[in-house]
2 protein chains.
Amino acid sequence: MDTAVASIRQTSVEHILAATEPVFAKHGFEGATMAQLAAAAGLPKANLHYYFGTKEGLYRAVLEGILALWLDDAAEWIVPERHPAEGFAGYVRAKMTHSRERPDASRIFADELLRGAPHIMMYLGIELRNRVTELAAVIEGWTARGLMDAVHPVHLLFNIWAMTQTYADFDVQIRAVLGKVSIDDAEFAVATETVVALVLKGCGVRPSEGRLP
Amino acid sequence: MDTAVASIRQTSVEHILAATEPVFAKHGFEGATMAQLAAAAGLPKANLHYYFGTKEGLYRAVLEGILALWLDDAAEWIVPERHPAEGFAGYVRAKMTHSRERPDASRIFADELLRGAPHIMMYLGIELRNRVTELAAVIEGWTARGLMDAVHPVHLLFNIWAMTQTYADFDVQIRAVLGKVSIDDAEFAVATETVVALVLKGCGVRPSEGRLP
DNA sequence: GAAATTCTTGACCGAACGGACAGGTTTGAT
DNA sequence: ATCAAACCTGTCCGTTCGGTCAAGAATTTC
């Protein structure tokens with residue numbers, strides 16, 4: 001057999017990671033306590049230490065799961081084969097879906113950045129930076145082919161991340177200002193299409209009629 | 001005389017608020033310790049307790065100074081008398097300047113929102129909400145006068161805040177991806193004009209030739 | 001089925017936490 | 001010059017922090 005083995009270790013580790021993510025999201029690394037984390041997992045503190053050694057070990061494990069998520073959206077949508085109208089719209093919608101379905105992941109990443117990225121500096125400066133360079137080349141290619149205006153591609157990406165992730169990171173503010181206890185699907189769809197339109201029109205993306213030149 | 005009195009209390013309070021802001025920005029409310037805060041102010045812990053009672057009292061005082069800053073930018077720029085080309089550009093540039101000059105203020109606000117706004121829920125749901133309603137009316141007026149496209153005004157504001165504040169909150173990420181130790185004026189100007197262009201073109205703002213209709 | 005390994009847990013530890021407070025010092029009004 | 005009010009701070013306190021450990025329970029291995 002292949003998948004269904006599910007050793008005790010693997011099961012426990014996955015359970016702890018899933019259960020503690022909301023606690024790290026709510027209190028940050030420094031603010032979360034081992035007692036809270038253990039309570040969220042329904043286990044004694046010593047059990048978390050058995051599997052992850054230290055609080056930082058647990059936090060890094062949670063972070064690594066999030067970083068894996070982070071890089072994949074772009075690779076699917078920001079590619080030369082697509083027209084930018086399709087690429088940007090798809091990318092923005094994918095990021096917005098992430099903000100809706102995994103807000104805690106976004107918040108943990110946001111907290112890590114707010115603190116100066118003490119645990120993921122290497123990731124930012126190497127993996128993320130390389131990936132951004134590739135994406136920037138794709139966007140510049142679109143501009144060169146006359147499919148959109150000349151826009152600084154890296155700052156454009158920063159701004160797309162900012163807009164999409166604000167719906168996860170700062171959703172308290174959004175709910176408070178909208179006067180809603182929770183953001184329903186219709187409201188979220190409005191938000192998504194507002195961001196899509198801002199990006200497409202903001203970049204002067206030509207309508208994608210017919211095939212690519 | 002009027003200003004130059006500067007009682008000991010006032011001087012001390014202002015000094016402590018200014019000195020502790022970076023500590024709260026770096027570690028958040030929960031992560032900052034009274035010992036760190038006191039060390040940053042160059043005073044014994046007991047001194048901070050003398051003026052602010054508790055850690056939370058000090059934090060709230062810092063927060064209130066920030067909130068006062070927060071609401072004023074919009075009132076100057078998002079007004080019916082201006083053409084949206086001027087209004088949005090001025091507002092974005094003002095917010096970007098804030099991100100450059102008071103990044104710690106933005107980070108403390110961001111941290112508070114990430115934690116679910118435990119100390120400023122009232123502010124969000126009342127003052128901020130009222131202000132946003134007014135701004136939304138101005139933007140809808142611009143649309144009604146044919147000066148820009150129909151864009152959901154509240155989500156537009158969320159996105160402007162997201163883009164401008166990302167340059168304060170997540171500047172580690174920006175510096176790491178750009179490969180710069182610090183963001184120089186030229187780079188920041190590029191960022192600012194990228195955001196301005198995204199907003200103006202994204203909202204279909206007509207060029208502001210001549211006077212308002 | 002016995003031995004070895006892995007897992008679980010309550011009890012415990014020193015350090016660091018936010019805060020209290022008494023007593024000394026400085027300041028300002030009279 | 002006096003004195004009350006305001007200010008300053010070393011020291012202490014109970015609690016909570018992250019982490020350890022020994023010993024027992026469950027599981028795997030042979």
Side-chain angles (χ1 to χ4, degrees), chain A residues 1-64 108 111-112 115 118-119, chain B residues 1-64 108 111-112 115 118-119:
Chain A
M1 215 173 282
D2 186 20
T3 54
V5 185
S7 66
I8 291 178
R9 172 161 227 106
Q10 184 181 332
T11 307
S12 293
V13 163
E14 284 171 5
H15 168 250
I16 293 169
L17 290 176
T20 56
E21 188 177 277
V23 180
F24 279 125
K26 183 136 204 164
H27 301 281
F29 170 65
E30 291 180 287
T33 73
M34 287 304 287
Q36 285 175 319
L37 295 163
L43 294 169
K45 282 193 319 175
N47 206 311
L48 309 206
H49 278 104
Y50 173 73
Y51 283 110
F52 296 97
T54 65
K55 182 187 176 185
E56 180 166 355
L58 170 57
Y59 177 68
R60 295 185 79 100
V62 171
L63 258 185
E64 275 161 32
I108 291 171
D111 184 78
E112 175 67 13
R115 308 282 159 260
H119 303 94
Chain B
M1 213 174 285
D2 187 20
T3 54
V5 185
S7 66
I8 292 178
R9 173 161 227 105
Q10 184 181 332
T11 307
S12 294
V13 164
E14 284 170 6
H15 168 250
I16 293 170
L17 291 176
T20 56
E21 187 177 277
V23 180
F24 280 125
K26 183 137 204 162
H27 301 281
F29 171 64
E30 291 180 286
T33 74
M34 287 303 287
Q36 283 176 318
L37 295 162
L43 294 169
K45 281 194 317 174
N47 205 312
L48 309 206
H49 277 105
Y50 173 72
Y51 283 111
F52 296 97
T54 65
K55 181 187 176 185
E56 180 165 355
L58 169 57
Y59 177 68
R60 294 186 79 100
V62 171
L63 258 185
E64 275 161 32
I108 291 171
D111 185 77
E112 175 68 13
R115 306 284 158 260
H119 303 93

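Throughout, protein chains are lettered first and strands after them, A, B, ... in sequence-line order, and every chain is numbered starting at 1.
- Atom CG in A:L37 sits roughly 14 Å away from atom C1' in D:dG19 (whole-Å rounding).
- Between A:R9 and the phosphate of C:dC7, there is a side-chain N or O to OP1/OP2 separation shorter than 4.0 Å.
- With a 6.0 Å radius and a threshold of 12 heavy atoms from other residues, nucleotides or ligands, B:K55 has its NZ atom above the threshold.
- Between B:L43 atom CG and C:dT25 atom P there is a gap of 19 Å when expressed in whole angstrom units.
- Nucleotides of DNA chain D nearest to A:E56 and B:P44 differ in position, and the one nearer the 5' end is that of B:P44.
- Of the possible donor and acceptor atoms, one in the side chain of B:S7 sits under 3.5 Å from a partner among the backbone N and O of B:Q10.
- Atom CG of residue A:L17 and atom CZ of residue A:F24 lie 9.5 Å apart, to the nearest 0.5 angstrom.
- The CZ atom of B:R60 sits 8.5 Å away from atom CD of B:E112, with the distance rounded to the nearest 0.5 Å.
- Between B:Y51 and D:dA6 there is no side-chain N or O to OP1 or OP2 distance below 4.0 Å.
- Residue-level contact check: B:A38 touches neither bases nor backbone, having no heavy atom under 4.0 Å from any strand.
- Looking at B:E30, B:E64, B:H119 one by one, the single match for side chain to side chain contact (heavy atoms under 4.5 Å, CB included) with B:Y59 turns out to be B:H119.
- The CE-C1' distance, from B:M34 to C:dG18, rounds to 7 Å in whole Å.
- Listed pair B:Y50 / C:dA20 fails the phosphate criterion, with no side-chain N or O lying under 4.0 Å from OP1 or OP2.
- The distance between atom NZ of B:K45 and atom C1' of D:dT11, rounded to the nearest whole Å, is 10 Å.
- For A:T54, the side-chain atoms get nearest to D:dG19 when compared with the rest of D:dG19, C:dC7, C:dC17.
- Atom NE2 of B:H49 and atom C1' of D:dC7 are 16 Å apart (whole Å).
- To the nearest angstrom, P of D:dC17 lies 7 Å from CD of A:Q36.
- In this structure, the nucleotide among C:dG18, D:dG18, C:dA20 sitting nearest to the side chain of B:K55 is C:dG18.
- Here C:dT8 presents its P atom at 5 Å from CG of A:N47, a figure rounded to the nearest Å.
- Counting to the nearest Å, the P atom of C:dT8 and the NE2 atom of A:H15 are 11 Å from each other.
- In the set D:dG10, C:dC7, C:dC17, the nucleotide with an atom closest to the side chain of B:A35 is C:dC17.
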